[in-house]
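See below for the structure under consideration.
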Amino acid sequence: MVVPSGLQLITMGVKYQPRVSTEISFNSFALHEDVMEGALAMGFEKPTPIQEQAVPVALEGKDIIGIAQTGTGKTAAFLLPTMSRILQGDRKGIGALIIVPTRELAIQIDQAIEGLGYFAGISSMAIYGGGDASEFSQEKKALTSDTDIIVATPGRMMSHLNLGYADFSHLKCFILDEADRMLDMGFYQDIIRIVKTINSDRQTLLFSATMPDNIRQLAKQIQKDPVQINIALSKPAEGILQGAYVVFDHQKPDLIGHLLEGKDLKSVIVFSSTKRGVSEVYRMLRKKGLNCASISSDLEQKEREQVMLDFKNRKTAILVATDVVSRGIDIDDIELVINYDVPNDAEDYVHRIGRTARAAKTGVGLTLVGPDDQRKFVKIEQLIGSEIRKLQVPSDLGAVPEYNPPRRKPGNKGKFNHGRSKKPRYPKKR
Ligand code: AMP
């Protein structure tokens, strides 16, 4: 195991398991040879579990519900068969439409198409909000010519659809990625409107990290007899070393300084749930002289792209971010993810720390748990089915609180058992 430099001490003893590679090779799938070449050129030798299960089913043209999180290789799981099917068909009109929740994910998938589709000459366009008039007209051009694959955010897609020129009557495949996230963002009706403009004999692939009722309902509405593929729901990718520091809120700035200063880390993301938190942490890290930048939905699209690019190219070592970048963003070799606070939604924890340990690498996810975070943190431990190791806080930070969160008793829905504490520290809000 290779633990990123400077992190041995903080992560010592945290349990990890390397990702098991499968024995099947890409050759055993009936992928188009140019697509195979693209996969090999990207360094893909063996399929990941989601690819192993999804690729053959998708190649048969069947609908799929894939329950898989980022980091499992799900992008290639839908791109490889979709590209193959496009190449094997008449290549008339737009071949595939991929709808995604965020601009960043749209750009990232577009880049994956460029890589995997290089030898096949697959054309693609990412369509997302925030661009200027010339970008809009480029998008229009892509939508009115035989572009093989369009990747779009729902809002921007609707803007084009409302103008009446987009033609999706020849689609081979319609794909929804991070579908649960899109429904959380309120895009259910937009998705239904988009689906209504597409030929009904297309294939529909739906990928989601979770499977709540509204996803089931959506699947029923837009899919035909889908095959369900389930990959380790709500579990952080194997290979991530996880740890938590139980502290008072006022100790967090010093602790984060201790974790980051003098460690020579090249690629770190610090998450905060709020924009305010992001700007506080950013200012504090700047004050300490650390090489950092911040990103939140407040930034203009162009600024966001620049910040991401600088981080990707290692010009910036530390990126302070809200959950805008936590889902679906593929940046290689992030050494460390720090949660400055505990995410409100336990699933977001999995997505946040999923930024490290991408495909068979190892990374570290550390969480600073303040007194008000404890209740949320125990929910995360319940969701992932294991306790996250509590790490020793440096003694010069002073006394720390006890980890004593309210725990839900089995079968006692909605009621919390407050551990050993006689006087509950948490109001029974529920
Ligand atoms: P994803 O879950 O689609 O965001 O993919 C996570 C990362 O795994 C990306 O960097 C991919 O390029 C990489 N990846 C996907 N499939 C494979 C594979 N079969 N072998 C090696 N790396 C892969």
Side-chain angles (χ1 to χ4, degrees), residues 18-29 31 35-56 58-59 64 66-84 96 98-118 124 126 149 151 175-181 205-210 229-240 267 269 308 311-312 325-335 337 347 350-363:
R19 190 177 289 235
V20 185
S21 72
T22 144
E23 283 314 307
I24 291 181
S25 94
F26 276 111
N27 289 323
S28 53
F29 302 139
L31 287 169
V35 174
M36 270 289 310
E37 210 175 336
L40 292 176
M42 295 277 283
F44 298 2
E45 283 164 17
K46 298 236 155 94
T48 65
I50 184 82
Q51 291 161 3
E52 191 180 329
Q53 292 185 54
V55 172
L59 279 171
I64 292 178
I67 307 296
Q69 65 195 59
T70 296
T72 53
K74 70 181 164 62
T75 313
F78 61 72
L79 285 183
L80 294 172
T82 299
M83 287 177 174
S84 284
I98 306 173
I99 303 289
V100 300
T102 61
R103 303 151 184 191
E104 283 81 6
L105 189 54
I107 295 168
Q108 182 191 308
I109 293 177
D110 191 40
Q111 287 166 348
I113 296 169
E114 222 172 279
L116 294 170
Y118 181 80
S124 67
I149 305 180
V151 193
I175 299 164
L176 291 173
D177 194 16
E178 309 267 1
D180 51 350
R181 187 66 159 184
L205 308 178
L206 185 156
F207 286 83
S208 180
T210 57
I229 296 171
N230 213 331
I231 301 292
L233 175 62
S234 298
K235 293 273 184 288
E238 291 157 355
I240 302 180
S267 191
I269 299 186
M308 291 305 289
F311 184 60
K312 251 185 166 160
V325 291
S326 79
R327 292 197 183 218
I329 293 308
D330 179 23
I331 298 175
D332 282 339
D333 296 331
I334 291 174
E335 292 165 289
V337 167
E347 293 282 349
V350 178
H351 288 286
R352 284 185 183 188
I353 67 162
R355 311 301 74 241
T356 81
R358 320 263 310 170
K361 293 195 183 113
T362 56

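Every number for a ligand or one of its atoms is a count from 1 in the order of the listing. Basis for what follows: all heavy atoms, side chains included, without hydrogens, waters or symmetry-related copies.
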Using a plain distance cutoff, I'd like to know if Ala76 has any nitrogen or oxygen under 3.5 Å from a nitrogen or oxygen of ligand 1. no
For ligand 1, which atoms have a heavy atom of Lys74 less than 4.0 angstrom away? 1 (P), 2 (O), 3 (O)
What is the distance from atom CG of Asp180 to atom CG of Leu206, rounded to the nearest 0.5 Å? 9.0 Å
The atoms of ligand 1 lying under 4.0 Å from a heavy atom of Gly73, numbered in the order shown, are 1 (P), 2 (O), 3 (O), 5 (O), 15 (C)
Between Phe29 and Val35, is there a side-chain heavy-atom distance shorter than 4.5 Å? no
Of all the heavy atoms in Lys46, does at least one lie under 4.0 Å from an atom in ligand 1? yes
Rounded to the nearest 0.5 Å, what separation is found between the CZ atom of Arg103 and the CE atom of Met308? 13.0 Å
For Phe26, the ligand 1 atoms whose distance to one of its heavy atoms is below 4.0 Å: 19 (N)
Smallest heavy-atom separation, Gly117 atom then Met83 atom, equals N-CE, 3.7 Å
To the nearest 0.5 Å, atom OG1 of Thr48 lies from atom CD of Gln53 at 9.5 Å
For ligand 1, find out whether one of its N or O atoms is nearer than 3.5 Å to an N or O atom of Thr75. yes
